Protein chains: 2
Amino acid sequence: MSQRDVDVSDFADAPRTVPSLQTLFSRQAVEKFEGGTAVFWEGDPASHVFEVVEGVLRVFKIISEGRRVITGFIYPGDLLGVSLKDHYLYTAEAVTTTKLRRFGRTRFQDEINHSPELRPQLFARLCDEMAAAQDQMVLLARKSAEERVASFLLIIARRLSGNRQAAPVIEIPMTRLDMADYLGLTIETVSRTMTKLIASGVIAPCGRHAVTVCKLGKLALLAGEADDEDKHVASADSVRRAVWPN
Amino acid sequence: MSQRDVDVSDFADAPRTVPSLQTLFSRQAVEKFEGGTAVFWEGDPASHVFEVVEGVLRVFKIISEGRRVITGFIYPGDLLGVSLKDHYLYTAEAVTTTKLRRFGRTRFQDEINHSPELRPQLFARLCDEMAAAQDQMVLLARKSAEERVASFLLIIARRLSGNRQAAPVIEIPMTRLDMADYLGLTIETVSRTMTKLIASGVIAPCGRHAVTVCKLGKLALLAGEADDEDKHVASADSVRRAVWPN
DNA sequence: CGGTCGGTTGAAGCGCATCAATCCAAGTGG
DNA sequence: CCACTTGGATTGATGCGCTTCAACCGACCG
């Protein structure tokens with residue numbers, strides 16, 4: 001499952017100039033990680049930056065009493081471990097068998113610093129990551145279990161199909177526990193919610209690690225992706241409200 | 001309240017070279033926003049980047065049925081609206097009366113691009129922001145009401161005291177509703193939790209918009225800031241576990 | 001086979017939301 | 001100065017959504 005050739009096309013919305021972030025990594029040897037093994041742990045000295053070639057990783061933090069929070073899943077083409085901190089902020093573990101390329105952190109920084117081509121690409125990635133983090137905060141703060149699961153399905157659907165409108169079949173490489181720890185729920189609630197979505201005909205099971213989306217519109221609705229017009233009503237002249245001298 | 005001169009010292013852990021991010025803004029005129037007024041709305045064309053000179057802002061998103069999620073509070077010295085997206089991802093509103101400097105987005109980007117001094121500073125800020133976002137995800141996903149409120153108090157305590165160990169008196173410029181929408185709770189729960197913290201002698205009220213911390217250690221404990229040794233046990237040779245071909 | 005691991009399903013309980021009343025401080029106008 | 005208002009905060013009573021605990025199921029494996 002989740003077997004797919006690395007598609008190197010189709011990344012961030014940065015300008016498509018010649019040297020791309022992945023060409024930076026392309027000379028590096030590929031390392032393989034079996035599912036369940038860690039690439040690095042939270043608190044480790046942050047020695048390297050990684051590019052995912054194939055497979056899916058989970059990135060998480062642990063707090064007291066063994067509570068785990070998965071802050072994100074990392075897909076092929078994504079970078080892993082980019083930060084200026086000298087220790088990793090989280091643990092990264094392979095979900096499926098994973099292939100990575102690695103780059104020394106300081107060398108990576110140098111390359112970025114010296115390349116006016118690469119910099120905006122990296123910057124764009126960070127902004128995307130930030131936007132995703134904010135969406136996740138919204139999900140965790142205010143969405144119901146059903147909305148969370150529906151949102152999750154849409155997120156990974158878009159992830160795999162590279163932003164094209166979600167493919168009908170969604171691969172779910174991670175376990176229910178992973179989903180639960182990502183969505184701030186328990187396994188049981190995730191399971192129950194999934195069966196509810198199946199019962200209502202929104203999705204249909206496709207083995208245990210995939211589903212087909214039957215009613216995409218309904219799914220998006222359940223996810224709380226309000227197509228509200230409200231949101232942009234006042235936008236028009238908002239900035240002008242500020243005292244803008246000159 | 002929240003009246004304090006802008007202290008321009010003591011920022012990100014970036015190297016303290018001569019031209020700093022705030023000198024970039026220092027020539028810009030200062031604009032004033034009364035509490036409750038918006039600086040920009042989610043979805044507005046992202047025309048400017050702002051530096052907060054004085055006051056506190058809230059940054060939030062609205063989802064269906066008027067549910068609001070505050071993704072962060074912005075303090076003096078912070079930047080606001082930094083992103084490569086061409087529309088703002090969130091609404092920014094003044095909590096208290098606020099003074100800002102503004103910078104055209106493209107010009108800001110140019111300045112950053114041409115200054116090898118400024119770039120790492122901006123990058124460091126983004127990384128800090130990302131780290132904060134991850135902590136917030138942990139809070140929202142797995143912490144109890146009491147842990148959330150305690151965490152919140154510590155966060156803003158550190159914020160105001162510029163990373164020195166939290167000052168005994170914590171200013172809380174925002175309303176309970178703001179706190180609730182930041183912590184993923186309701187006003188009532190926030191209120192109840194605060195009174196509980198007061199009853200247990202951890203904090204003492206200081207008017208409605210400030211508290212004194214009586215038992216800082218207890219507060220940190222309640223916040224779930226586990227001083228676990230567990231976390232770093234396995235860290236030692238973690239990276240070596242990877243197949244690292246020279 | 002028994003054993004384990006991930007997943008599903010059921011029953012009971014708890015933590016927080018919801019609804020509603022009250023309070024308090026700061027205006028505001030007569 | 002005092003009634004009246006208004007917005008934020010507190011406190012109480014009730015209910016619901018999710019967690020918790022526990023049993024069970026199916027697939028895989030030695």
Side-chain angles (χ1 to χ4, degrees), chain A residues 1 34-36 58 65-70 93 95-96 139-152 172-200 203-211 222 224, chain B residues 1 34-36 58 63 65-70 93 95-97 139-153 171-200 203-211 222 224:
Chain A
M1 55 211 66
E34 296 299 326
R58 58 181 162 250
E65 300 146 55
R67 289 176 285 182
R68 185 180 72 159
V69 179
I70 296 183
E93 256 179 30
V95 172
T96 66
L139 182 149
L140 293 169
R142 289 281 177 243
K143 288 191 177 180
S144 69
E146 191 173 46
E147 289 174 314
R148 293 185 199 201
V149 171
S151 299
F152 172 77
I172 309 178
M174 54 292 284
T175 68
R176 297 289 130 112
L177 184 57
D178 287 333
M179 289 177 59
D181 285 347
Y182 181 64
L183 298 175
L185 299 170
T186 59
I187 341 178
E188 294 94 331
T189 302
V190 170
S191 183
R192 276 185 251 270
T193 309
M194 289 289 286
T195 53
K196 197 162 82 173
L197 287 179
I198 292 167
S200 63
I203 58 174
C206 228
R208 231 168 206 154
H209 283 282
V211 295
L222 289 177
Chain B
M1 54 208 70
E34 295 300 327
R58 57 181 162 250
I63 60 174
E65 300 147 53
R67 290 176 285 181
R68 185 181 72 159
V69 179
I70 295 184
E93 256 178 30
V95 172
T96 66
T97 300
L139 182 150
L140 293 169
R142 290 281 178 242
K143 288 192 176 177
S144 70
E146 192 172 46
E147 289 174 314
R148 294 184 199 201
V149 172
S151 300
F152 172 77
L153 292 175
E171 296 280 339
I172 309 178
M174 54 291 284
T175 68
R176 296 291 130 110
L177 184 58
D178 288 332
M179 290 176 60
D181 286 347
Y182 181 64
L183 298 175
L185 299 170
T186 59
I187 341 179
E188 293 94 330
T189 301
V190 170
S191 184
R192 276 184 251 271
T193 308
M194 289 289 286
T195 54
K196 196 162 84 175
L197 287 179
I198 291 167
S200 63
I203 57 174
C206 229
R208 234 174 204 148
H209 284 281
V211 295
L222 289 177

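Each chain gets a letter, A, B and so on, in the order the sequences are listed, and its residues count up from 1. Note that this is a predicted model, so its numbers are computed, not measured.
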Might you list the N or O atoms of the protein lying below 3.5 Å from N or O atoms in nucleotides 28-30 of chain D, with each pair's distance?
none

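Among pairs with a residue in residues 184-194 of chain B, none fulfils salt bridge (charged side-chain N to carboxylate O under 4.0 Å, His left out), at least two apart in sequence or across chains.
Annotation: side chain of A:Leu177 is in contact with side chain of A:Arg68 (closest heavy-atom distance under 4.5 Å).
In this structure, the side-chain contact (heavy atoms from CB on, under 4.5 Å) partners of B:Ile198, at least two apart in sequence or on a different chain, are B:Ile203, B:Pro205. When the side-chain contact (heavy atoms from CB on, under 4.5 Å) test is applied to A:Arg67, the partners found at least two apart in sequence or on another chain are A:Ile63, A:Ser64, A:Glu65, B:Arg142, B:Glu147. Residues passing the side-chain contact (heavy atoms from CB on, under 4.5 Å) test with B:Thr189, sequence neighbours excluded: B:Ala145, B:Leu185, B:Thr186, B:Thr193. Residues meeting the side-chain contact (heavy atoms from CB on, under 4.5 Å) test with A:Glu34, sequence neighbours left out: A:Lys32, A:Thr37, A:Thr97. Residues meeting the salt bridge (charged side-chain N to carboxylate O under 4.0 Å, His left out) test with B:Arg58, sequence neighbours left out: B:Glu93, B:Asp178. A:Ser191 is linked by a side chain to side chain donor-acceptor pair (under 3.5 Å) to nothing, counting only residues two or more places apart in sequence or in another chain.
Atom CG of residue A:Leu139 and atom CG of residue B:Leu140 lie 10.0 Å apart, to the nearest 0.5 angstrom.
Screening A:Ile187, A:Ile70, A:Val190 against A:Met179 for a side-chain contact (heavy atoms from CB on, under 4.5 Å) leaves a single residue, A:Val190.
If you walk DNA chain C from 5' to 3' and mark each nucleotide with an atom closer than 4.0 Å to a heavy atom of chain B, the marks span C:dC16 to C:dA20.
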message = I need a per-nucleotide contact map over nucleotides 8-19 of chain D, read 5' to 3'. Cutoff is protein heavy atoms under 4.0 Å; write B for the base, S for backbone only, - otherwise.
response = BSBBBB----SB
